Amino acid sequence: MPYDPHAIEPKWQERWLREKTFSVKVDRSKPKYYVLDMFPYPSGSGLHVGHPKGYTATDVVSRWKRMEGFNVLHPMGWDAFGLPAERAAVRENLHPAVITKRNVDNFRKQIQRLGFAYDWERELSTTDVEYYKWTQWIFLKLFEKGLAYQAEVAVNWCPALGTVLANEEVQDGKYVETGDPVEKRSMRQWMMKITAYAERLITDLDGLDWPESLKEMQRHWIGKSSGAEVTFTVSGAVEGGASGAGSFTVFTTRPDTLFGATYCVLAPEHPLVASITAPAQRAAVEAYVAAAKHKAERDRMADTKEKTGAFTGAFAVNPATGQPIPIWVADYVLWGYGTGAIMAVPGHDERDHAFAKAFGLPIVQVVAPSPGASGAAATCDVQQAAFVDDGVAVNSRFLDGKGTADAKAAMTKWLEEKGLGKERVQYKLRDWLFSRQRYWGEPFPVLHRADGTTVAVPDDQLPVLLPPIDEYKPTADGQPPLARATDWVKTTDPRTGQPATRETNTMPQWAGSCWYYLRFIDPKNAAAPWSKEAENYWMPVDLYVGGVEHAVLHLLYARFWHKVLYDLGLVTTKEPFQKLRNQGMIVAASFQEASGKYHYPHDVEETAPGSGQWRVKATGTPVKTQIEKMSKSRYNVVNPDDVVRDYGADSMRLYECFIGPMEAGGVWQTNGVEGVYRFLERAWRLFFTTPKGATRDVPNPALVERPLDPDPKAGEKELEKLLHKTIQKVTADLAVMGFNTAISAMMVYVNALTGRESLPKALLDPFARLLAPFAPHLAEEAWASALGHATLIADAPWPKFDPALCVDDEIEIAVQVNGKVRDTIKIPVAADAAQCQQRALASEKVQRAMEGKPAKKVIVVPKKIVNVIC
RNA sequence: GCGAGGAUGGCGGAAUUGGCAGACGCGCUGGACUUAGGAUCCAGUGGGGCAACCCGUGGGGGUUCAACUCCCCCUCCUCGCACCA
């Protein structure tokens with residue numbers, strides 16, 4: 001029986017588990033390496049081949065680092081709170097914990113089948129009481145610092161579900177999953193003051209080894225902009241008599257254009273709107289504000305082309321010109337950003353320009369193109385289009401002639417001197433809405449006392465357990481599910497004996513994932529979330545791998561909590577994840593009829609090989625093929641269990657690596673799995689053979705314990721060089737996670753060894769170790785049964801290469817004539833330029849290409865190329 | 001609209017960062033072994049041409065002895081963000 005993954009894989013997996021091979025402890029005698037996967041949400045549908053792409057990458061790295069002598073921490077756990085389990089609980093009438101356990105067991109089994117080197121002793125779930133106890137504890141740290149607070153905020157409320165929804169879950173005023181209508185409602189919610197950390201969340205990005213695009217996304221999300229705030233007083237001289245009381249402040253990044261501010265706009269939610277609106281305008285303004293209220297914020301942002309608004313009848317004084325300018329209400333000004341009010345400079349802002357055009361407001365030019373400008377930056381007709389580039393101030397009295405940067409500074413200084421404004425930095429980032437009206441999440445460890453104050457549950461009474469309830473639905477009067485546990489809700493404050501009620505909101509799913517990487521370093525600690533010793537040794541995470549979909553939310557929330565913990569002296573690193581890489585998404589072909597109906601890949605066939613035309617096998621209906629994201633509804637999900645069943649875990653792992661660069665994603669193709677499977681078979685046959693008539697493989701008799709044959713004709717010295725080059729290549733590729741090219745190099749090596757009559761073990765022993773991080777089961781089997789080692793290859797040292805053996809004595813270089821390759825010549829690697837030139841010119845092909853003309857110039861790049869110019 | 005990334009054989013992808021484009025794998029073609037092959041092994045495989053050669057890295061221009069790689073312009077694709085003042 002040839003290579004049979006099923007005969008060897010379970011055996012080694014059991015042994016790794018039994019011997020706790022990958023369980024690690026703090027060991028100061030070794031350098032540490034902490035490799036972390038973004039832990040999964042254990043869904044009911046199980047793993048698909050996309051998950052293990054990242055897991056395989058981290059596993060290869062952790063096995064390699066381990067062989068390099070590092071003490072490698074590589075844990076796995078479950079981000080298991082969340083809505084899907086709660087919905088399934090309602091559907092199946094089971095407790096969400098039961099559903100969760102079922103899903104976790106399934107995920108664990110699926111993951112273990114792939115032979116990952118996880119320290120399963122550290123497994124955790126965010127739903128474990130011993131885990132969420134500490135999530136609550138950390139929450140209280142934030143609460144005590146004033147970073148967790150309650151506020152009335154506008155939320156997306158879905159009456160049908162009885163819960164608030166995240167912005168991403170709402171589209172066109174409907175819940176994306178069910179289509180139930182969603183309305184805006186003002187509710188008391190828990191908020192996290194992440195905005196207090198905005199500046200540090202931006203600056204500390206600089207020191208991180210993360211994809212630049214991802215850092216950029218976070219910077220944009222935080223959205224820092226510098227400018228000034230300017231105070232406008234409402235002028236009393238209004239026709240119809242709106243009282244001139246009040247003033248408002250605007251934020252602008254272009255204080256230099258203040259002279260061009262020809263009107264102001266308040267957001268519909270701005271409190272001043274009601275008080276300044278003139279009687280004659282009242283009906284129109286109120287109608288406009290009411291209409292704006294009904295538009296979801298997302299919709300409001302969606303149609304940016306049509307500008308709408310209403311004139312309040314009031315005027316403000318432009319502090320620079322002293323002139324009254326009208327105050328409008330318009331929904332293009334957002335209440336949630338800046339001050340909810342703007343000064344409009346239609347000459348130099350596209351939105352203001354569009355609005356001014358729509359309502360016939362004056363447009364004034366206050367910036368002219370710089371003298372040296374060209375192209376778009378040089379043309380300027382502000383009546384036609386806003387000029388938004390930097391330039392030179394005009395029509396701006398004391399600013400005239402100043403460049404934009406100077407003008408900004410001068411105007412800001414002027415405003416400060418007059419007490420009319422000041423410099424200001426503004427962030428797009430808003431505080432984090434931290435509560436959900438759901439059951440399956442961490443209860444807030446707080447008590448609302450009868451006197452209206454909210455206090456922390458004392459540390460020694462943590463955890464606040466999720467109470468059992470009869471139904472996982474909101475109450476009839478719209479309270480969250482936890483309100484059903486009336487005995488639990490009603491309690492007393494242990495410090496004062498005062499009656500109190502418990503919080504019925506729960507924390508969002510992000511809470512548990514904000515600190516799991518810290519629990520992994522000391523998961524069984526009952527006295528503290530983690531020990532100082534463990535934190536000191538293991539942190540920070542050296543390599544964190546996950547999907548880009550967490551680019552902002554999870555990674556920003558976790559960084560925020562980490563910084564709070566840092567300020568509290570609970571962690572010693574400013575940032576949790578030093579190096580981060582994204583794995584690409586795996587997609588697959590799907591097959592769809594013209595009617596839109598999808599078919600499984602095994603239900604369709606190609607009309608003729610290579611035709612690219614496909615049809616349904618049973619009916620002959622033509623289907624179109626397309627490459628799409630894997631999803632159940634598209635019938636194109638590939639389950640890793642099936643791949644393991646057909647080809648084994650090692651092939652699955654290898655294909656995940658070989659499909660392309662790790663961060664690039666790729667198309668899943670069964671043929672590709674067959675390709676790596678064949679490679680493993682060839683590798684296997686170097687170590688084992690099946691004797692005639694035998695059912696079991698025996699060590700390959702060609703494997704011999706002897707020194708390499710020095711005779712060049714034997715070719716073994718050449719193979720030794722190839723071995724060292726392969727070690728060099730694979731090692732270098734691992735360092736940059738270039739798994740696909742590392743495997744390619746190993747394929748070349750195996751192809752070179754294949755078919756040889758005699759195989760000195762010196763050529764195979766290091767190769768088995770190279771292969772071990774990628775195909776650990778096969779490597780262990782070869783290591784033990786064919787090479788005769790008693791210890792695990794997982795503990796073997798990583799092979800070293802001899803740089804001297806990585807260079808050839810003689811190399812082939814190309815010879816060009818006038819830039820075209822005409823010949824290749826073999827020269828000693830040490831040949832100098834003169835020798836190269838001489839050898840090149842001696843070539844017959846080169847001579848012919850030169851057509852008898854003399855060489856005008858010869859460029860020689862040693863070890864690379866010779867180019868003869870004639 | 002803004003930002004980032006990308007475009008290389010029939011397909012997935014390589015290319016030491018300016019030095020023989022297409023490593024490796026899939027697919028395909030031919031052959032060997034076979035009762036058989038959808039197993040295995042060997043050979044071939046960017047396009048054109050009998051050939052010498054010519055043409056080829058999305059398109060156009062440029063720099064250079066030499067460009068997938070650097071510069072300018074354009075097209076298309078993917079992913080973010082999107083009235084953020």
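What you see below is based on every heavy atom in this structure, not just the backbone, and it leaves out hydrogens, waters and symmetry mates. Quick caveat, the model's predicted, so the values are computed rather than measured. Each chain gets a letter, A, B and so on, in the order the sequences are listed, and its residues count up from 1.
Base-pairing analysis of RNA chain B finds the following stems of at least three consecutive Watson-Crick or G-U pairs, with both pairing distances under 3.5 Å: B:1-7 with B:75-81, B:10-12 with B:24-26, B:27-32 with B:40-45, B:46-48 with B:53-55, B:58-62 with B:70-74.
Within the structure, the ring-ring contact (aromatic ring centres under 6.0 Å, His included) test picks out the following pairs touching residues 657-679 of chain A (sequence neighbours left out): A/Tyr3-A/Tyr677, A/Tyr647-A/Tyr677, A/Tyr655-A/Trp668. Within the structure, every pair that satisfies the salt bridge (charged side-chain N to carboxylate O under 4.0 Å, His left out) test and touches residues 731-741 of chain A, not counting sequence neighbours, is listed here: A/Lys729-A/Asp733.
B/G61 and B/C53 are spaced 27 Å apart, taking the P atom of each and rounding to whole Å.
Every residue meeting the ring pair (Phe, Tyr, Trp, His ring centres under 6.0 Å) condition with A/Tyr557, not counting sequence neighbours, appears here in chain and number order: A/Trp432, A/Trp510. Not counting sequence neighbours, the partners of A/Arg424 by the side chain to side chain donor-acceptor pair (under 3.5 Å) test are A/Glu229, A/Gln426. For A/Phe687, there are no ring pair (Phe, Tyr, Trp, His ring centres under 6.0 Å) partners, not counting sequence neighbours. Considering only residues two or more places apart in sequence or on other chains, A/Phe232 meets the ring pair (Phe, Tyr, Trp, His ring centres under 6.0 Å) condition with A/Phe248. Under the ring pair (Phe, Tyr, Trp, His ring centres under 6.0 Å) criterion, A/His724 pairs with no residue at all, not counting sequence neighbours.
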Just the table, please: protein N/O against nucleotides 14-20 of chain B N/O, every pair under 3.5 Å.
| from | atom 1 | to | atom 2 | distance (Å) |
| --- | --- | --- | --- | --- |
| B/A14 | OP1 | A/Asn740 | ND2 | 3.2 |
| B/U16 | N3 | A/Lys864 | NZ | 3.3 |
| B/C20 | N4 | A/Glu812 | O | 3.2 |

Can you give me the N/O atom pairs linking the protein to nucleotides 29-34 of chain B at distances under 3.5 Å, or say none if there are none?
none

Extract from the structure each pairing of a protein N or O with an N or O of nucleotides 54-56 of chain B at less than 3.5 Å, listing the distance.
| from | atom 1 | to | atom 2 | distance (Å) |
| --- | --- | --- | --- | --- |
| B/C54 | OP1 | A/Arg822 | NH2 | 3.3 |
| B/C54 | OP2 | A/Arg822 | NH1 | 3.3 |
| B/C55 | OP2 | A/Lys820 | NZ | 3.4 |

Please produce a list of atom pairs where a protein N or O lies less than 3.5 Å from an N or O of nucleotides 41-43 of chain B.
| from | atom 1 | to | atom 2 | distance (Å) |
| --- | --- | --- | --- | --- |
| B/C41 | OP1 | A/Arg685 | NH2 | 3.0 |

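Using a 4.0 Å cut-off, no side-chain N or O of A/Arg219 falls inside it from OP1 or OP2 of B/C81.
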